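To start, the structure itself, in structure tokens.
Computed from a predicted structure; not experimentally measured. Start at 1 and go down the list; that is how both ligands and their atoms are numbered. The first residue in the sequence is number 1, and the count goes up from there.
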Amino acid sequence: MSWHLTDQWRRSSREGDSKTQAVNPRSFSSIMKPERTPMSRRPKPPPKPKTSERFIERDPVEVYCRIRPPETPNQEECVTAVDSRTVKLTPPDTCFAFRNGHAKEQQYKFRHVFNPDSSQKDVFDYVAKPLVSDVLRGKNGLLFAYGVTGSGKTHTMQGSPHDGGIVPRTLDVIFNSINEYQTKRRIFKPDGMNGFDAQCESDASSERRRIDATPIYPKTPKTPRYRRDTSGSQDSSQRIPDTSRIECIDEDNVFSIFVAYIEIYNNYIYDLLEDLSDAGPSGRLQTKILREDAQHNMYVHGCTEVEVKNPDDALEVLYKGQRRRKIAYTRLNCESSRSHSIFTIRVVQAPLDAQGEEVVTDKASMMVSQLSLVDLAGSERNNRTKAVGDRIKEAGNINNSLMTLRTCIEVLRENQLTGSSKKVPYRDSKVTHYFKNYFDGEGKVKMVVCVNPKADDYDETLPVMKFAELASEVQVQRSVQSARQDPGLLPGRRRANQLFKEVRRRLEEEGENVKNLEVDLTPIYTLAPAWPAVSYTAETRDDVIMKLKAYLQKRIHNREKLQTELKGKILTMHTNVVEMEKENLIMKKEIMSLRSLYDDAMAKVRTLESMLLNAESVNESLQRKFTDYNNLVDECNAVREERDIAKSQGQLEKQRMKARLKCKLEIEKDKLKNDMQTKLSEQKSKMYHSQVRALQEIFLDDNQTPGSRVPSTSDSDLRQPRQGSQNQGIKGSTSDPKLNVSQAFLTPDLRGPAVSNQRHRRSRSQGADIWLDHRPGQEVPLGTVLQPNLPRRKSVTRLRSGDLLDGRVTNYCLTTQQQDSEGELETKLYKGDVLPTAGGGSQVVLQDVEILKQRDPLAVPLSKRSSDGTPKVDATTVQERCATGIAYYGTPSHYVPSKRTKL
Ligand SMILES: Nc1ncnc2c1ncn2[C@@H]1O[C@H](COP(=O)(O)OP(=O)(O)OP(=O)(O)O)[C@@H](O)[C@H]1O
């Protein structure tokens with residue numbers, strides 16, 4: 001099957017393009033005169049290529065067809081998929097051909113046909129994924145959607161957030177594949193001439209800081225011409241990303257992704273990512289121009305390229321651009337694209353250095369590849385869209401550019417079939433001019449023809465099908481990897497570097513010193529870079545041969561150099577091996593001695609282990625005992641606590657009892673004391689009276705009879721004072737005021753002493769005292785060492801009244817002797833002062849009684865004599881007796897005797 005553009009159409013289309021006039025759809029269909037050929041007819045075989053092109057490999061443009069689902073359930077359809085590669089086009093009754101009587105069912109072949117049920121993922125995997133793989137390996141690619149307005153081009157390219165089209169999936173897969181191999185931002189940067197520069201990390205870092213200080217994307221001014229976000233397609237939070245990835249990426253390369261987004265509207269190019277702050281007061285995008293770079297590739301001069309590091313960043317850029325795209329409502333599509341949009345993804349990659357650490361910044365080592373994803377505006381007929389004003393102009397430009405594309409394809413095909421070299425009119429349209437790279441240069445070209453199956457679209461779908469068929473016959477030079485200088489580095493160096501770092505990290509964790517442990521992945525041997533292309537033409541033959549010769553010479557040179565190096569290394573290695581052999585012998589000996597040491601040590605270890613086992617068993621038994629003991633201690637403690645409690649209770653009781661008894665004792669003691677005191681006073685009183693009586697007797701005897709006798713204690717007369725003697729013997733001061741001594745002795749408590757002369761003052765000097773020494777009876781000689789000291793005395797045996805009235809006598813001393821209770825002799829000296837009385841008499845006031853006891857040390861007291869009268873000898877008694885000297889009783893003036901002992 002073939003179809004031709006008439007010269008007239010070509011001319012008119014060129015004129016129309018230059019004048020940007022709308023094309024009359026009628027003339028469009030009339031000019032296009034398709035030659036209908038049955039499917040059975042074999043296509044004309046391509047002419048034999050010229051010798052110069054014999055080695056150039058070419059691939060046909062891959063054309064796919066996608067049939068969109070019907071808009072309404074009972075929609076009349078004219079397109080159906082016969083099989084996975086064939087589409088049947090059935091002319092409806094309303095079409096031009098039917099009315100002209102030329103209507104005929106036709107079938108068209110495609111590389112693959114996607115029926116209405118095909119998913120976005122099916123389309124992406126089949127059509128776009130191989131292109132993604134190519135671009136990551138340094139090959140260029142072009143994919144464009146083509147079709148009538150409303151046929152699903154934008155849907156196929158963009159899709160929705162829940163079900164992304166080709167563009168978002170492409171970005172997902174690219175980043176899934178190169179994620180761990182990406183460089184940091186600004187290592188690569190566009191050079192402004194469709195190429196890239198590489199810079200070191202420090203420069204890139206300072207540039208990053210500078211850029212981060214300013215917003216990355218300019219704010220988009222709101223104008224009525226921008227697409228409204230009615231579909232929600234820009235809400236990336238709802239997006240379901242594609243998770244697949246491309247394997248076999250060159251791990252020794254680092255990657256950076258740049259995206260650019262342009263639109264061609266009314267045959268003008270606009271940069272959809274342009275910073276609008278530079279757009280001037282109009283705030284509208286500036287038109288851009290196409291330029292050819294050093295490799296004869298077309299590029300948009302001054303176009304913004306944004307480096308993106310993840311799909312979300314890239315989609316953000318895409319959505320920004322989409323908001324700036326020209327779209328409008330038409331009768332056939334409420335959001336009809338009024339321009340062709342080109343989203344270009346550029347992959348920049350450069351090898352890592354020999355250490356697998358830093359990027360090689362040499363431009364010759366870099367590789368740049370690009371994938372252009374194009375959403376062409378749909379062809380439309382004004383009588384169907386009922387367009388007016390701007391829409392008519394837009395439609396004219398859209399149709400013109402599409403017509404130019406068809407023309408270019410036709411000329412290309414003709415040149416390839418016939419071997420002619422007609423000029424391809426790329427420059428007639430910006431779209432075709434941009435596509436020139438792919439059709440004339442290298443790269444894979446794919447086209448997705450979108451078809452709306454409804455019958456109304458038949459007249460427009462028919463030329464689309466014919467164009468698709470035509471395009472599939474055009475061959476494009478096979479895409480080869482972008483040329484770059486092979487750095488000749490060892491593959492796998494990145495992984496080796498990572499392994500080395502991992503080992504280093506682990507060593508560091510184990511405390512090893514790794515400061516001097518540097519990554520050294522050399523030596524890396526390679527004879528030369530990859531073989532250069534060997535295809536040649538007549539013109540280039542000599543060049544190719546020269547290149548091959550130079551390449552081979554370099555290889556030979558490298559080989560010789562490597563051989564020399566190898567010999568040297570073999571020698572070194574031999575020497576090293578000999579050295580190592582010697583060391584090996586020494587080591588073996590050392591190993592032997594160490595082994596014997598080891599055996600000894602092991603024996604010791606075994607002994608120690610058995611000891612340890614024993615100790616452990618002993619320890620266990622001790623532990624058990626200890627536990628038992630602890631239990632016992634606990635029990636004892638419990639018992640002791642109980643006892644303590646009981647004891648403290650008992651003590652309390654005891655204390656209470658003690659207090660009660662003490663109280664009782666005190667009472668008894670007081671009672672006893674009182675009794676004793678009573679008895680004592682009675683006793684003393686008795687003694688006193690007996691003594692007084694004895695004295696009275698003495699006095700009475702002195703006055704009545706000469707001589708004296710020792711008064712007897714048993715004399716009952718002395719016990720009570722006799723009433724008669726008071727008047728008959730020594731009288732009181734009233735009867736005989738001159739003698740009052742007996743009075744003082746006899747009735748001290750009855751009448752009281754005589755009244756003393758208060759004015760009497762006696763000299764107390766030593767020589768002034770004159771004692772009246774009264775010794776009434778025959779005394780037993782004492783023979784004692786100590787004698788009463790009476791220096792001036794007047795001795796009398798019988799007291800007369802004149803003796804006391806003698807004014808010189810100052811002191812009186814009465815000496816008596818009697819037996820004590822033990823039968824021993826007791827001598828008493830009653831001493832007193834002689835005081836004149838107020839009546840002119842004298843009275844004696846007794847002051848002291850000295851008692852002198854004499855005892856035989858061998859004598860036995862009466863109480864201690866046996867019944868036969870033999871004394872019981874007691875040493876203690878003898879001692880006591882020897883120690884006894886003179887006992888002296890001082891008595892106060894009123895008969896209160898106090899006992900003093902004189903030694
Ligand atoms: N395969 C499909 N499955 C579901 N809906 C689709 C499909 N193809 C297209 N549509 C729907 O059809 C409508 C028009 O599609 P789209 O905008 O993609 O057409 P177009 O070819 O880009 O039109 P124009 O050239 O005017 O821009 C959209 O609402 C879209 O959702």
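Under the 30°/60° scheme for interplanar angles, the aromatic rings of Phe467 and Tyr146 are found to be tilted.
Not a single N or O atom of Ile67, backbone or side chain, sits closer than 3.5 Å to an N or O atom of ligand 1.
Ion pair Asp134/Lys446 not flagged as a salt bridge, since none of the NZ, NE, NH1 or NH2 atoms sits closer than 4.0 Å to an Asp/Glu carboxylate oxygen. A salt bridge does not link Glu77 with Lys454: every distance from a Lys NZ or Arg NE/NH1/NH2 to an Asp or Glu carboxylate oxygen is 4.0 Å or more.
Every atom of ligand 1 with a heavy atom of Pro69 under 4.0 Å away is listed here by number and element: 1 (N), 2 (C), 3 (N), 4 (C), 7 (C). The ligand atoms of ligand 1 that sit less than 4.0 angstrom from a heavy atom of Gly378 are 25 (O).
Counting only non-hydrogen atoms, the option in Arg66, Lys153, His340, Arg68 that gets closest to atom 14 (C) of ligand 1 is Arg68.
Aromatic ring centres of Phe110 and Tyr64 lie farther apart than the 6.0 Å criterion allows.
In this structure, Gly150 is part of the shell of residues with a heavy atom less than 4.0 angstrom from ligand 1.
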Requested in this report: Go through the steps for Ser160 and Asp163 under the test side chain to side chain donor-acceptor pair (under 3.5 Å), then give the verdict.
Outcome: CA-CA 5 Å; Ser160 64; Asp163 197 10; 5.6 Å; no
